[in-house]
**Q** 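Before we start, here is the structure in question, set down as structure tokens.
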Amino acid sequence: MRHVAVIGSGPAGYYTAEACQKVFGDQVRVDILDRMPVPFGLIRTGVAPDHQSIKGVSRRYEAVALTDNVRFVGNVTIGKDVSIDELRELYDAVVLATGAPHDRRLEIPGAELPGVTGSAAFVGWYNGHPDYAGLHPPLDGPAVVIGNGNVALDVARVLAKAEDELEASDVVAHALDSLHGSKVHSITLLGRRGPHQIAMTPKELGELGELGHATPVVDPADFPPVEEDGALDPGQRKSVGHLRRFAQGMPDKPIRIVFDFFAMPIAIEGDGKVERVIVERTALDFEGNAHGTGETYAIPASLVVSCIGYRTPPIEGVPYDDKSGRFANIDGRVLPGLYAVGWARRGPTGTIGTNRPDGFHIAEKIAEDIGEGAGKPGRPGLDALLQARTVEPVTFRDWLKIDAAEIAAARIGAPREKFVSVDAMMDARKS
């Protein structure tokens with residue numbers, strides 16, 4: 001029998017468990033550990049709350065979790081309740097599937113001012129992550145969103161949506177109340193480069209043109225000649241087509257979403273809180289890199305959300321690549337018996353679906369390395385260790401009770417409620 005521990009219950013973790021089932025059949029036992037009492041990682045707390053269809057992939061993970069040889073072990077913190085070295089003693093293979101839940105630091109003066117937040121925190125706030133339930137972002141004036149990817153679009157769209165447009169979302173109650181009272185009437189999206197360099201997909205970008213109370217604004221002067229669009233790949237060309245449509249002029253609405261291209265934030269200023277972002281105009285060199293031109297201007301802001309990327313948090317005793325913000329690994333191998341998968345291996349790139357082939361890749365590496373297994377204790381050994389340390393693990397069937405309690409507590413017109421504290425989750429588990 002092979003024993004595998006997977007740390008992290010998001011897409012990378014469940015795809016790895018599914019792959020181990022395919023590779024080893026019933027000759028494997030997989031424990032998926034998570035510090036939260038609830039599974040699914042970014043599916044629960046990172047996917048845009050108004051994109052409910054994407055969250056349907058969790059049904060696939062649920063089917064894996066309810067099999068006999070895969071077990072969810074929630075409410076267990078690595079480094080506090082059990083160490084990596086202890087897990088390596090208990091399991092034939094330990095897979096780091098922790099994702100990249102921390103924001104990449106915004107390295108400009110004023111980035112520590114109140115009112116500046118990273119996208120992981122802001123998205124976690126409106127998605128009900130317990131770590132960010134007390135964020136209280138200032139929604140009393142203009143907002144600046146730094147970044148030109150889909151996360152920046154998600155943030156801008158949620159800020160711009162009216163009350164009726166959020167009814168079918170699962171924005172948590174405390175965030176929904178704040179958004180309903182929002183006075184954000186201007187949202188500026190800052191991008192260091194131009195329309196041809198955006199990392200926004202057509203569907204998400206096109207949604208901005210359909211908002212009931214917000215108008216996307218693009219300066220026609222920011223575009224290269226339209227003939228140059230032909231060199232773009234089809235998806236990028238469609239995205240740029242949306243931007244060109246916005247630049248032709250859209251119906252005037254109460255909220256403006258302004259695309260400020262060739263714009264690099266160089267400082268954030270204010271008296272004890274955010275009041276303005278200082279921006280330097282950029283130009284592209286022949287290789288497409290952005291460089292400052294020396295021309296600067298200020299954008300008023302009471303809220304700044306930095307959407308410039310993510311990092312995997314280090315774990316004591318695990319080699320770490322600080323430059324890349326992920327675990328140091330060679331083709332997924334970190335140390336003997338220790339592996340990394342998903343964003344913890346590759347960095348924050350790819351979609352949810354990208355993690356499926358990555359999970360199979362790591363399962364094949366495990367098969368090459370551990371053979372029939374080394375007779376390690378696996379699941380019973382972990383249970384004995386946690387019991388000795390009075391750790392109260394949460395099972396997948398416990399999660400189903402939490403899930404049912406959230407659905408029962410849902411607001412009228414919303415698909416579900418979410419408990420935003422670990423204590424509330426643990427209480428619901430016992431109901």
Side-chain angles (χ1 to χ4, degrees), residues 1-47 53-74 76 78 87 90-101 312 327 329 331-334 337-346 348-373 376 378-379 382 393-400 403:
M1 181 64 68
R2 296 100 168 163
H3 297 283
V4 178
V6 177
I7 302 171
S9 66
Y14 271 103
Y15 282 130
T16 301
E18 179 186 45
C20 286
Q21 288 180 318
K22 299 284 187 183
V23 171
F24 299 119
D26 60 2
Q27 294 302 302
V28 68
R29 295 291 180 269
V30 182
D31 284 345
I32 301 177
L33 285 68
D34 201 295
R35 73 181 181 93
M36 287 291 145
V38 294
F40 305 145
L42 279 180
I43 300 299
R44 179 180 169 91
T45 60
V47 171
S53 61
I54 296 175
K55 300 190 179 190
V57 71
S58 63
R59 288 191 290 272
R60 177 177 189 144
Y61 309 148
E62 182 172 323
V64 174
L66 291 173
T67 55
D68 291 337
N69 57 347
V70 173
R71 182 178 70 156
F72 172 69
V73 188
V76 174
I78 303 304
L87 290 175
L90 292 171
Y91 292 86
D92 297 300
V94 177
V95 183
L96 301 164
T98 53
T312 296
F327 296 117
N329 69 92
D331 204 21
R333 293 182 172 102
V334 179
L338 184 63
Y339 306 82
V341 69
W343 284 9
R345 175 175 89 91
R346 306 187 314 270
T349 60
T351 64
I352 291 170
T354 308
N355 292 298
R356 187 171 187 271
D358 203 30
F360 274 87
H361 174 80
I362 295 304
E364 289 167 0
K365 297 298 177 189
I366 293 171
E368 291 174 14
D369 296 344
I370 71 172
E372 299 296 320
K376 293 188 175 184
R379 186 174 295 179
L382 177 66
V394 172
T395 69
F396 198 83
R397 296 194 182 279
D398 291 329
W399 148 244
L400 293 178
D403 183 51

**Q** Measure the CD-CD distance between Glu18 and Gln21 for me, rounded to the nearest 0.5 Å.
**A** 7.0 Å
**Q** Could you state the interatomic distance from NZ (Lys376) to CD1 (Ile370), rounded to the nearest 0.5 Å?
**A** 9.5 Å
**Q** Out of curiosity, Asp34 CG to Ile7 CD1, how far, rounded to the nearest 0.5 Å?
**A** 10.0 Å
**Q** Who are the side-chain contact (heavy atoms from CB on, under 4.5 Å) partners of Asn329, not counting sequence neighbours?
**A** Arg326, Val334, Arg345
**Q** Would you check if Val341 and Val6 make a side-chain contact, meaning some heavy-atom pair closer than 4.5 Å?
**A** no
**Q** Between CG of Leu33 and CD1 of Ile78, what distance do you get to the nearest 0.5 Å?
**A** 5.0 Å
**Q** Quick one: does Arg35's side chain have a donor or acceptor within less than 3.5 Å of a partner on Gly8's backbone?
**A** no
**Q** Residues in side-chain contact (heavy atoms from CB on, under 4.5 Å) with Glu364, at least two apart?
**A** none
**Q** Of all residues at least two apart in sequence or in a different chain, which pass the side-chain contact (heavy atoms from CB on, under 4.5 Å) check with Asp26?
**A** none
**Q** Search all heavy atoms of Ile362 against all heavy atoms of Asp331 and return the closest pair with its distance.
**A** CD1-O, 4.3 Å
**Q** If we only count heavy atoms from C-beta on, is the Arg2 to Glu372 side-chain gap below 4.5 Å?
**A** yes
**Q** Search all heavy atoms of Phe72 against all heavy atoms of Pro37 and return the closest pair with its distance.
**A** CE2-O, 3.7 Å
**Q** Given Arg346, which partner from the list Asp358, Thr312, Thr354 fulfils the side chain to side chain donor-acceptor pair (under 3.5 Å) test?
**A** Asp358
**Q** For residues Arg379 and Met1, determine if any side-chain heavy atom of one lies less than 4.5 Å from a side-chain heavy atom of the other.
**A** no
**Q** Side-chain contact, heavy-atom cut-off 4.5 Å: Ile366 with Phe24?
**A** yes
**Q** A side-chain contact here means heavy atoms from C-beta on lying under 4.5 Å apart; do Arg44 and Met36 qualify?
**A** no
**Q** Pairs under 3.5 angstrom only: tabulate donor-acceptor contacts from the side chains of residues 91-98 to other protein residues two or more places apart or in another chain.
**A**
residue	atom	partner	partner atom	Å
Tyr91	OH	Asp31	OD2	2.6
Asp92	OD1	Ala374	N	2.9
Asp92	OD2	His3	N	2.8

**Q** Mind checking what makes side-chain contact (heavy atoms from CB on, under 4.5 Å) contact with Leu66, not counting sequence neighbours?
**A** Glu62, Phe396, Arg397, Leu400
**Q** Kindly give the heavy-atom pair with the smallest separation between Ala19 and Ala363, and that separation in Å.
**A** CB-CB, 3.7 Å
**Q** Excluding sequence neighbours, so at least two apart, what forms ring-ring contact (aromatic ring centres under 6.0 Å, His included) with Tyr15?
**A** Tyr61
**Q** Report the distance from atom CH2 of Trp343 to atom CG of Asn355, rounding to the nearest 0.5 Å.
**A** 8.5 Å
**Q** For a 4.5 angstrom cut-off between non-hydrogen side-chain atoms, does Arg356 reach Val57?
**A** no
**Q** How many angstroms lie between atom CZ of Phe327 and atom CG of Leu338, to the nearest 0.5 angstrom?
**A** 8.5 Å
